[in-house]
Amino acid sequence: MTTIERSSIDLPEAMSSPTVPVLPGSITRARAALAAASTDSLAIPDSALPRTWLFRGIDTEDGVRYGIYRGAETIEAASAELVAALAGAPARSPATIRSAPATIARWALQGRLAALDDEVLDRVAKEGEWTVRQTLAHTIAGQRSYGWFSRWWLSQPLGPGRPSRATPEAEAASQQELPPEEGEADGSVADIRARLDAVLDEWALRFATLDAAALAVPAMWAGVPVDIDFRLGRWASHIAEHTIQLDKTLDWLGYQPSEAARIVRDLYAAWGRLEAQIWPMAPAGADGVVASILERMAATLVSEARDVREAAGV
């Protein structure tokens with residue numbers, strides 16, 4: 001752990017600015033391609049999977065089914081390109097590296113949500129258990145709270161006068177500034193998915209330039225003394241925890257995803273692994289090469305998914 005010798009932490013402007021920071025356009029455009037490809041794939045029924053799809057003009061006999069798998073292969077090829085291209089780039093900030101697993105967890109969850117209809121949100125699976133909507137509301141609210149309270153801990157003086165736990169004033173301020181948990185999953189599945197992305201991206205960008213000393217600042221979590229590094233690391237495990245809860249709920253509801261939906265989960269997981277290398281921002285000076293790789297990936301992803309859907313006859 002880094003020794004703290006300062007009396008306070010100089011917080012980056014992004015940490016408290018009323019303007020919500022935004023992701024690089026290369027990432028948002030690649031995500032749009034991912035969404036378009038998954039929409040095409042999810043439209044394909046299991047009965048169409050054996051139909052012929054020509055890969056580079058050749059019938060591989062694996063047909064439409066392989067065509068859906070091609071999406072993840074395309075992303076994984078781009079990920080390998082990024083590894084090579086970024087090998088000599090400057091190291092990313094400690095905070096960016098520490099929060100990167102959260103986007104892997106986020107896309108694993110998004111892969112499950114991509115195929116869900118709105119009607120499943122409020123169905124009661126088992127007495128005393130949360131609905132899908134309640135689980136997602138808690139997941140999003142938790143992410144927002146992790147960011148808000150971590151910023152509060154970073155704003156407190158270091159040394160003997162530092163509070164040992166969140167003060168009543170901080171708790172009251174959080175109640176005023178943070179939306180009620182139950183409202184975090186208002187609307188459709190699409191609305192909820194967009195809100196999840198927005199909250200995670202915002203706080204990752206706000207924390208992105210923090211150094212090792214900032215990550216070593218003492219804090220609390222669930223009554224346990226920890227540091228900011230722990231709290232950032234908790235983002236990923238909290239999302240994973242409630243992804244498993246979502247899986248259990250869907251099992252209790254008797255939900256059976258189509259084969260295409262199962263493959264799309266792997267598509268999103270592949271994207272999460274790629275995005276972790278460049279989220280919420282690429283290493284300094286690498287924006288151009290990252291954009292080039294993602295643009296080529298996105299074009300292939302969209303065009304092949306469209307071709308596969310046409311071959312499936314839907």
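Numbering of residues begins at 1 and proceeds along the displayed sequence. Keep in mind that what you see is a predicted model, and the values were worked out from it rather than measured.
- Under the 3.5 Å distance criterion, the side-chain polar atoms of Thr135 are left unmatched by any main-chain donor or acceptor of Leu246.
- Side-chain contact between Arg106 and Trp279: present, with at least one pair of heavy atoms (C-beta onward) separated by less than 4.5 Å.
- The heavy-atom pair separating Met297 from Thr74 by the smallest distance is O-CG2, 3.8 Å.
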Evaluate the criterion side chain to side chain contact (heavy atoms under 4.5 Å, CB included) for residue pair Arg144 and Glu177; output intermediate values, then yes/no. CA-CA 10 Å; Arg144 205 184 297 275; Glu177 296 182 22; over 6 Å; no

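- Using a 4.5 Å heavy-atom threshold, the side chains of Val124 and Leu253 count as separate.
- Aromatic ring pairs are classed by plane angle as parallel below 30°, tilted from 30° to 60° and perpendicular above 60°; the pair Trp53 and Tyr66 is tilted.
- In summary, the side chains of Glu275 and Trp107 do present a donor paired with an acceptor at a separation below 3.5 Å, with no hydrogens or angles considered.
- By the criterion of side-chain heavy atoms lying less than 4.5 angstrom apart, applied directly or through intervening Ile, Leu, Val, Met, Phe, Trp or Tyr residues, Tyr268 is not grouped with Val308; the two fall into different hydrophobic clusters.
- The number of heavy atoms from other shown groups lying within 6.0 Å of CD (Glu119) is above 12.
- Side-chain contact between Asp40 and Val302: absent, with no pair of heavy atoms (C-beta onward) separated by less than 4.5 Å.
- The hydrophobic clustering, which links ILVMFWY residues whose side-chain heavy atoms are closer than 4.5 Å, places Leu301 and Ile68 apart.
- Ion pairing between a basic and an acidic side chain is recognised when a charged N comes within 4.0 Å of a carboxylate O; Glu73 and Arg70 show such pairing.
- Hydrophobic cluster membership is shared by Ile140 and Leu205, with clusters built from Ile, Leu, Val, Met, Phe, Trp and Tyr side chains linked at under 4.5 angstrom.
- Under a 3.5 Å cut-off, the side chain of Arg206 and the backbone N or O of Asp201 do not form any donor-acceptor pair.
- Counting heavy atoms from C-beta on, the side chains of Val120 and Leu250 come closer than 4.5 Å.
- Put simply, the side chain of Arg133 gets close to the backbone of Ala185: a donor and an acceptor are under 3.5 Å apart.
- Not less than 6.0 angstrom separates the ring centroid of Tyr146 from the ring centroid of Trp203.
- Linking Ile, Leu, Val, Met, Phe, Trp and Tyr residues whenever their side-chain heavy atoms come within less than 4.5 Å places Leu200 and Trp271 in a single cluster.
- In this structure, the side chain of Asp46 engages the main chain of Glu259 through a donor-acceptor pair within 3.5 Å.
- Side-chain atoms of Leu215 and Asp211, non-hydrogen and from C-beta on, never get closer than 4.5 Å to each other.
- Between Ile27 and Val290, the closest side-chain pair of non-hydrogen atoms is not below 4.5 Å.
- Side-chain atoms of Ser174 come within 3.5 Å of backbone atoms of Glu171 as a donor-acceptor pair (strictly under, hydrogens ignored).
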Assess the residue pair Arg234 and Ser237 against the criterion (side-chain hydrogen bond (donor to acceptor under 3.5 Å, both in side chains)); give the C-alpha distance rounded to whole Å, side-chain angles, the decisive distance to 0.1 Å, and a yes or no. CA-CA 5 Å; Arg234 178 67 183 147; Ser237 60; 3.0 Å; yes

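- Note that OG1 of Thr167 and CD of Gln156 are 6.5 Å apart. Values are rounded to the nearest 0.5 Å.
- No single ILVMFWY cluster, assembled from side-chain heavy atoms under 4.5 Å apart, contains both Tyr255 and Trp130.
- Side chain of Arg151 to main chain of Met15: a donor-acceptor pair is present (N/O by atom type, distance under 3.5 Å, no hydrogens or angles).
- Put simply, the side chain of Ser155 reaches to within 4.5 Å of the side chain of Leu11, judged on heavy atoms.
- Gln134 contributes a side-chain N or O that, together with a main-chain N or O of Thr131, makes up a donor-acceptor pair within less than 3.5 Å.
- Taking every heavy atom of both residues into account, Pro280 and Thr96 meet most closely at CD-CG2, 3.7 Å.
- Judged purely by atom type and a 3.5 angstrom limit, Arg51 uses its side chain to pair as donor or acceptor with the backbone of Ala312.
- Rounded to the nearest 0.5 angstrom, Ile239 CD1 and Thr103 OG1 are separated by 8.0 Å.
- To the nearest 0.5 Å, atom CD1 of residue Ile228 and atom OG of residue Ser150 are 4.5 Å apart.
- In this structure, the separation between NZ on Lys248 and NZ on Lys126 is 8.0 Å, given to the nearest 0.5 Å.
- Between the side chains of Gln277 and Ser79, at least one donor-acceptor pair of N or O atoms lies under 3.5 Å.
- In this structure, CZ in Arg306 is found 10.5 Å from CZ in Arg309, a value given to the nearest 0.5 Å.
- Using modelled atom types, no side-chain atom of Arg98 and backbone atom of Phe230 make a donor-acceptor pair closer than 3.5 Å.
- Side-chain atoms of His238 and Glu241 include no donor-acceptor pair closer than 3.5 Å.
- Side-chain contact between Glu295 and Ser26 is absent, with no heavy-atom pair separated by less than 4.5 Å.
- Arg165 contributes no side-chain N or O that, together with a main-chain N or O of Ala219, makes up a donor-acceptor pair within less than 3.5 Å.
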